[in-house]
**Q** 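Quick one: the structure is below, and I'll ask about it shortly.
Proteins get letters first, then strands, A, B, ... in listed order; numbering begins at 1 in each.
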2 protein chains.
Amino acid sequence: MADTLPTSRVGTPDIYQDLRQRLTMGGFAPGQKLLPGPLKDEYGCSANTIREVLLRLSAAGLAQYEDQRGFRAQAASAQRKSDLTKFRILLEQEGATASIRRGGIEWEAQLTAAHHKLSHIEAEIDRRGMEPPVVRLWCTAEWEFHDALGAACGSPFLRQTFRAIFDQFRQQHVTEAGKYGFATGNVAEHRRIVDAALDRDEAACRAQIHAHLERNLLPDS
Amino acid sequence: MADTLPTSRVGTPDIYQDLRQRLTMGGFAPGQKLLPGPLKDEYGCSANTIREVLLRLSAAGLAQYEDQRGFRAQAASAQRKSDLTKFRILLEQEGATASIRRGGIEWEAQLTAAHHKLSHIEAEIDRRGMEPPVVRLWCTAEWEFHDALGAACGSPFLRQTFRAIFDQFRQQHVTEAGKYGFATGNVAEHRRIVDAALDRDEAACRAQIHAHLERNLLPDS
DNA sequence: TTGCAAGGAAATTTCAAAATTATCCGCATT
DNA sequence: AATGCGGATAATTTTGAAATTTCCTTGCAA
């Protein structure tokens, strides 16, 4: 007969994705404990399933795991953010320059499309401020833009590492003053990155990526 | 009273480390299934504990995980190896140049020590061939050398990513003709890398790192 | 002989509970 | 008053088994 249970019952992808989003969008305070007990009730599953999800999230760097001491949301610190930024700049520059060398017309199209979508949403935010429904749109749009930059780099490893770093980078920002890492200068900076990329100017593209992110670096670096 | 069980019984770090070593040193064929059933008997624990370890290993890239289809040792392919090499060259070059800029006398000492140890072992291998007990020594010595190169880069993220890539890189090589990624030219190449690093010559160091690894790249790259 | 379907065996995934371990709080001692 | 020791409580980790899914084999029909 037809199943009476509304639960999806296919692996644990829903729980993983939901917790990942909560971790990267401020659902938990930086050092907060992630208790399997309450979470299992919330998601209507066993503590072991929660544990499995948290284990994968800690492998992705979004949570911390200490043996016999459970899970915590990743801690936030200026040093961590700076290191994250430094590494992100490196990966994004490499991905962009490789894409400039290897990418064709379809890459340009994808990049232009992603930038168009992003700038539209950012204009909306400039007008009406950051409201929760728009913020989620902005998050995916900004990811898609920065992902499109390196989409033609030809290295799956570079891209998957960049994705992991990007998520952690955002996680560090979400905790700050509810700004979600959005600044008013972003619109112009994104445009300058796209222009340099479409001009196939590797050096300029590198410089613009650095300029876009350098405000997150500590002075010493 | 004193425990009668000889098992360590503290978390699962032993199982993780042991399986990690087996995966990076040829204990499993490339696409081989990693069955929780036999493994739980071998390690004397439950299938769920094995599952937890395999989950972490797949997050580290050493195993594959497909939903509802279990775990496999990571597959080997020329393309994967090439991409891995490309990314490793990038990370190792960045780590080395940053260390050259930031490292002090203690970094030089650590690097020299690691190289001395490695070259001693490699000389031993040149004389007596590659026997199992020596191979394990060589693996840790080669890791310690390449790790020492970037030890002063100041970026924990760069180093931990490099470690993950290095493991997967070795995993791709172990499956080939029992060579474990060792070639007779290595001794000289390692020396040239050290010399360039101690000379604080960033460009030369980059070039030597590339020369050391380029034989693993596919022509197109 | 080939293709397909159904049945059965094996493996994976989830669950609930037991066992182990850490954390917290009160009490005695210094 | 501060420190160290025990016991109670809570959380984590492991376990063994049930439920679900996949894979393989066998039989049937075209």
**Q** Hey, does the side chain of B:Y65 come within less than 4.0 Å of C:dT13's phosphate (OP1/OP2), counting only N and O?
**A**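 Yes.
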**Q** If you only use heavy atoms from C-beta on, which nucleotide in D:dG16, C:dC15, C:dT13 is closest to the side chain of B:S46?
**A**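 Shortest atom-to-atom distance from the side chain points to D:dG16.
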**Q** Between B:D41 (CG) and D:dT15 (P), how many Å, whole number?
**A**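 Between P of D:dT15 and CG of B:D41: 12 Å.
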**Q** Please say whether the positively charged group of A:R128, taken as NZ for Lys or CZ for Arg, lies over the ring of A:W138, i.e. under 6.0 angstrom from the six-membered ring centre and within 45 degrees of the axis.
**A**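 No, cation not above the ring by the 6.0 Å, 45° rule.
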**Q** Ignoring the backbone of A:E52, work out which of C:dT14, C:dC15, C:dT13 is nearest its side chain.
**A**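 Nearest nucleotide to the side chain: C:dT14.
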**Q** Let me know the distance between CG of A:L34 and P of D:dT13, rounded to the nearest Å.
**A**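 So the CG-P distance, A:L34 to D:dT13, works out to 13 Å.
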**Q** With heavy-atom distances below 4.5 Å as the criterion, would you say the side chains of B:V135 and B:M25 are in contact?
**A**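 When only atoms from C-beta onward are counted, B:M25 and B:V135 do touch, with a gap below 4.5 Å.
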**Q** Would you mind reading off the distance between B:K33 atom NZ and D:dC23 atom P, rounded to a whole angstrom?
**A**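 From B:K33 NZ to D:dC23 P: 7 Å.
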**Q** Ignoring the backbone of A:P36, work out which of D:dT12, D:dT13, C:dT12 is nearest its side chain.
**A**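 Shortest atom-to-atom distance from the side chain points to D:dT12.
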**Q** Please check if any side-chain donor atom of B:Q168 sits under 3.5 Å from a side-chain acceptor atom of B:R88, or the reverse.
**A**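 There is no such pair between these side chains.
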**Q** The side chain of A:T49 is closest to which nucleotide in this list: C:dT13, C:dT23, C:dC15?
**A**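 In terms of side-chain proximity for A:T49, the closest of C:dT13, C:dT23, C:dC15 is C:dC15.
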**Q** Per the atom types in the model, does the base of D:dT22 pair as donor or acceptor with the side chain of B:D67 at under 3.5 Å?
**A**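 Result: no qualifying N/O pair found.
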**Q** Taking only the side-chain heavy atoms of B:N48 (C-beta and beyond), determine which of D:dT15, D:dT13, C:dA16 contains the nearest atom.
**A**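 The answer is D:dT15, which lies nearest to the side chain.
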**Q** Whole angstrom is fine here: how far is it from CD in A:Q32 over to P in D:dA11?
**A**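 Spelled out: CD on A:Q32 to P on D:dA11 is 14 Å.
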**Q** Below 30° counts as parallel, above 60° as perpendicular, anything between as tilted: where do the rings of B:H120 and B:H116 land?
**A**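 Because their plane-to-plane angle is under 30°, the rings of B:H120 and B:H116 count as parallel.
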**Q** Nearest of D:dT14, D:dC23, C:dT14 to any side-chain atom of B:R51?
**A**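 Within the option list, the nearest is C:dT14.
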**Q** Quick one: which of D:dT12, C:dT13, C:dC15 gets closest to the side chain of A:Q68?
**A**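 Out of D:dT12, C:dT13, C:dC15, the nucleotide with an atom closest to A:Q68's side chain is D:dT12.
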**Q** Among D:dT12, C:dC15, C:dT12, which nucleotide has an atom closest to any side-chain atom of B:L35?
**A**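 When the side chain of B:L35 is considered, C:dT12 is the closest of D:dT12, C:dC15, C:dT12.
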**Q** Reading DNA chain D from 5' onward, which residue's closest nucleotide shows up sooner: A:E66 or B:R69?
**A**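 Final value for this comparison: A:E66.
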**Q** Please confirm whether the backbone N or O of B:G31 pairs with a side-chain atom of B:R72, one donor and one acceptor, at under 3.5 Å?
**A**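 The answer is yes, because a donor-acceptor pair under 3.5 Å joins these two groups.
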**Q** With a 4.0 Å limit, can you tell me whether B:K40 has a side-chain N or O closer than that to the phosphate oxygens OP1/OP2 of D:dT15?
**A**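 For B:K40, the contact criterion (side-chain N or O under 4.0 Å from OP1 or OP2 of D:dT15) is not met.
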